[in-house]
Amino acid sequence: MLRPLVLIACCLLLWHPQTVAQDEEAEAEGETPAKPEALYIPLQPPFVVNYGGPGRLRYLKAELTVRVYDVSAAQKVRHHMPAIRDTLVTLMSRQEELVIDTQEGKEQLRQDALTAIRTVIENEEGEDTGVVDVFFDNLIVQR
């Protein structure tokens with residue numbers, strides 16, 4: 001729990017008004033401003049769900065990290081973490097064995113997770129989420 005707070009504190013210490021002034025100067029000179037630093041939020045603890053419908057139990061363990069570009073978006077993700085986790089557990093438990101075993105199926109699950117996270121935040125906040133991407137740090141499928 002302490003790790004996300006340290007991340008926010010570091011980001012706030014690194015950001016200062018001079019950065020904004022530099023970006024405005026770059027725009028005035030016709031240059032593109034520097035791309036903002038990405039923030040990474042690990043979704044802890046890892047997700048462990050059973051999937052695949054009736055029959056023998058199959059398990060899926062996934063460790064995910066969400067990428068955002070500003071502290072405000074990071075706060076939104078953390079604030080709505082229970083709803084995000086619930087949505088992702090439901091999404092992962094609906095997976096079918098033949099689909100999740102393929103590389104395309106895993107990529108589709110990643111894209112669906114990104115859409116689900118954005119949808120939860122948009123429904124709760126009523127505005128752009130600031131969520132850029134989601135990554136699997138670890139994905140284990142036990143058949």
Completion exercise
Residues passing the side chain to side chain contact (heavy atoms under 4.5 Å, CB included) test with T119, sequence neighbours excluded, are T115, N123
Completion exercise
So salt bridge (Lys or Arg N to Asp or Glu O under 4.0 Å) across residues 94-104, not counting sequence neighbours, yields R58-E97, D101-R143
Exercise for the section: Hydrophobic side-chain clustering at under 4.5 Å (ILVMFWY, transitive links): who's grouped with L57? Put none if nobody. Expected result: Y59
Problem - Modelled atom types, side-chain donor and acceptor of E107 and Q111, under 3.5 Å - result: yes
Exercise for the section: Just do the side-chain contact (heavy atoms from CB on, under 4.5 Å) check on L109 and Q95 with the steps written out, would you? Expected result: CA-CA 8 Å; L109 177 59; Q95 299 305 302; 3.6 Å; yes
Problem - Donor-acceptor under 3.5 Å (R85 side chain, P45 main chain) - result: yes
Problem - Non-hydrogen side-chain atoms of L88 and I117 separated by less than 4.5 Å - result: yes
Problem - Residue pairs passing the salt bridge (Lys or Arg N to Asp or Glu O under 4.0 Å) test where at least one lies in residues 111-132, sequence neighbours excluded - result: K76-E127
Handout entry: I121 with V89, same ILVMFWY side-chain cluster at under 4.5 Å
Key = yes
Exercise for the section: Mind listing the closest non-hydrogen atom pair of I84 and V77 along with its distance? Expected result: CD1-O, 3.7 Å
Fill in the blank from the handout: Nearest heavy-atom contact between M92 and Y51 is O-CB, 3.7 Å
Return all side-chain donor-acceptor pairs below 3.5 angstrom for residues 130-139, not counting sequence neighbours, or 'none' if the list is empty.
unit_1	atom_1	unit_2	atom_2	d
D133	OD1	R110	NH1	2.6
D137	OD1	T65	OG1	3.2
D137	OD2	T65	OG1	2.4

Completion exercise
Of all heavy-atom pairs linking A83 and V120, the shortest is CB-CG1, 3.7 Å
Completion exercise
When every non-hydrogen atom of T90 is compared with those of S93, the smallest separation belongs to O-OG, 3.0 Å
Exercise for the section: Would you kindly confirm whether I100 and V48 end up in one hydrophobic cluster when ILVMFWY residues are joined by side chain heavy atoms under 4.5 Å apart? Expected result: no
Exercise for the section: Under 4.5 Å between side-chain heavy atoms, chaining through other members, with only Ile, Leu, Val, Met, Phe, Trp and Tyr counted: pull out the rest of the cluster around I140, sorted by chain and number. Expected result: none
Problem - For the student: nearest non-hydrogen atoms of P46 and K61, plus distance - result: CB-CE, 4.0 Å
Completion exercise
One should read off an interatomic distance between M81 CE and D86 CG, to the nearest 0.5 angstrom, of 13.0 Å
